[in-house]
There are 2 protein chains.
Amino acid sequence: MARTQGSHSDITGPRVREAALSLFARHGYAAVSMRKIAAEVGVQAGALYNYTPDKQSLLFDLMNTHMQELLASWKAQPKRPDPLDQLEDFTRFHIRFHSKRPDEVFIAYMELRNLSEENYRKISALRDLYETQIEDVFREGIRSGVFDVVDPKVASMAVIAMLTGVNTWFREGGRLSLPDVENLYCDMVRRSVSA
Amino acid sequence: MARTQGSHSDITGPRVREAALSLFARHGYAAVSMRKIAAEVGVQAGALYNYTPDKQSLLFDLMNTHMQELLASWKAQPKRPDPLDQLEDFTRFHIRFHSKRPDEVFIAYMELRNLSEENYRKISALRDLYETQIEDVFREGIRSGVFDVVDPKVASMAVIAMLTGVNTWFREGGRLSLPDVENLYCDMVRRSVSA
DNA sequence: CTTTGATTTGAACACATGTTCAGTTAAGTC
DNA sequence: GACTTAACTGAACATGTGTTCAAATCAAAG
């Protein structure tokens with residue numbers, strides 16, 4: 001058996017994913033052909049099928065990996081006892097994590113409708129799981145009296161939408177630094193739900 | 001000159017736009033072919049070109065009309081003197097206007113990258129104009145002391161993102177009525193920026 | 001009923017699509 | 001240097017793409 005180590009697939013595989021990520025984010029899943037992805041990698045279209053069963057799986061893999069990393073990364077964070085601190089941690093974590101992965105985030109929000117029904121259900125479940133994380137913080141803070149929130153589900157959706165919106169305008173090297181932005185949003189988020 | 005009045009174009013024209021709106025929102029601009037739009041209208045693809053010079057113009061018209069109506073509708077609103085009231089008015093207006101036009105809103109946010117450069121600039125300018133509306137409210141409220149906002153631009157982006165997020169989960173006939181949602185968001189928005 | 005011209009058809013254009021696969025290339029083992 | 005096999009090419013498949021346009025259709029005016 002020749003070429004089991006040092007094989008090209010160790011290099012080409014990731015490059016296919018990178019090319020798909022970048023192209024899907026820039027032009028959208030439907031507008032990017034397998035030939036364009038192949039051209040970006042420097043390979044013929046047929047070669048892509050050594051690394052993905054089809055175009056749909058390429059999209060799903062990107063979104064699934066992103067969501068898994070998002071959840072794992074949040075759960076790896078140390079959890080402070082006070083819900084007010086947890087809310088600040090979540091705010092900073094969300095902004096930081098998302099600002100580092102603009103392409104993944106863009107795809108995760110824009111390409112949901114291009115997933116097959118089954119794949120859509122899987123990604124949706126992961127997103128629900130993430131939304132539940134902050135919802136639980138609200139419920140705990142309501143019980144302990146530090147939050148004045150009527151509807152924790154709505155508050156979760158509102159806060160997540162607000163935080164994810166940062167990606168639409170924030171650019172490294174702009175008028176504000178990332179810590180600046182974190183502080184501004186921490187302040188607004190806390191005040192919007194504090195007792 | 002025959003058939004100048006009661007002509008089919010009075011009926012087919014709007015139906016082409018409606019079909020494009022619905023299909024673009026559901027499947028995305030790139031995934032919808034002129035033949036699919038034509039099929040939805042009940043006509044052959046060639047006939048569409050009596051109503052649009054090309055596919056791109058169809059997309060631009062939908063987005064442009066939406067943005068023009070959004071701006072005109074906001075400017076037609078009576079303007080109350082207190083910035084706190086203006087903020088509440090904006091919040092209710094934004095939620096109400098957007099929840100009535102889910103397809104237009106979806107397209108306006110998702111299909112920006114499918115606009116030609118020139119069309120993108122035009123739509124961007126309109127969006128900037130809308131964002132300026134609430135930014136001006138913040139600036140006035142900071143001056144008069146009713147708002148405690150460090151960065152009115154960031155506050156605008158945060159509030160608009162939060163409000164537009166309603167469209168991703170709110171459905172008429174669900175757990176909450178639209179007035180319920182308006183009240184919840186008014187409360188959060190006001191508290192997040194009040195002095 | 002004939003004329004008129006707006007409206008629509010249906011075929012054609014040149015090219016792009018996702019996917020498959022027999023055949024070629026080339027890197028590692030013996 | 002011969003052998004093995006992963007990696008890749010390049011052509012082919014059937015189908016779909018936006019757009020054009022001569023010809024057919026059809027409702028109203030004369």
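In the text below, chain A, chain B and the rest are named by the order of the sequence lines, each starting its count at 1.
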| field | Out of D:dT19, D:dA7, C:dT19, whichever nucleotide has its closest atom nearest the side chain of A:K55 | value | C:dT19

| query | In whole angstroms, how far is the P atom of D:dA27 from the CD1 atom of B:I11? | reply | 12 Å

| query | Looking at side-chain heavy atoms only, is the closest gap between B:Q77 and B:D89 below 4.5 Å? | reply | yes

| Atom CG of B:L58 to atom P of D:dT17: distance rounded to whole Å? | 15 Å

| message | Please evaluate residues B:R96 and B:E182 with respect to the criterion salt bridge (Lys or Arg N to Asp or Glu O under 4.0 Å), reporting the C-alpha separation (whole Å), side-chain torsions for both, the decisive distance (0.1 Å), and the verdict. | response | CA-CA 8 Å; B:R96 221 172 292 168; B:E182 281 179 34; 2.8 Å; yes

| request: Provide, to the nearest angstrom, the distance between the CG atom belonging to A:N50 and the C1' atom belonging to D:dA7. | output: 6 Å

| task | Is it possible for you to check whether B:R101 lies under 6.0 Å from the centre of the six-membered ring of B:F97, through NZ or CZ, and within 45° of that ring's axis? | result | yes

| message | Just N and O in the side chain of A:T12: are any of them under 4.0 Å from OP1 or OP2 of D:dA7? | response | no

| field | Aromatic plane relationship, A:F93 with A:W74 - under 30° parallel, 30 to 60° tilted, over 60° perpendicular | value | tilted

| request: Send over the distance from B:R15 CZ to C:dT8 P, rounded to a whole Å. | output: 10 Å

| B:D54 has an atom CG; how far is it from atom P of D:dT19, in whole Å? | 5 Å

| Would B:F90 and B:F138 count as a close aromatic pair, with their ring centres under 6.0 Å? | no

| said: Could you tell me how far apart A:Y51 (OH) and D:dA6 (P) are, to the nearest whole angstrom? | reply: 12 Å

| query | What residues in residues 28-48 of chain B put a non-hydrogen atom under 4.0 Å from any atom of DNA chain C? | reply | B:R35, B:V43, B:Q44, B:G46, B:A47

| Separation of B:H27 atom NE2 from D:dT17 atom P, in whole Å? | 12 Å

| Centroid-to-centroid, B:H66 to B:Y109, below 6.0 Å? | no

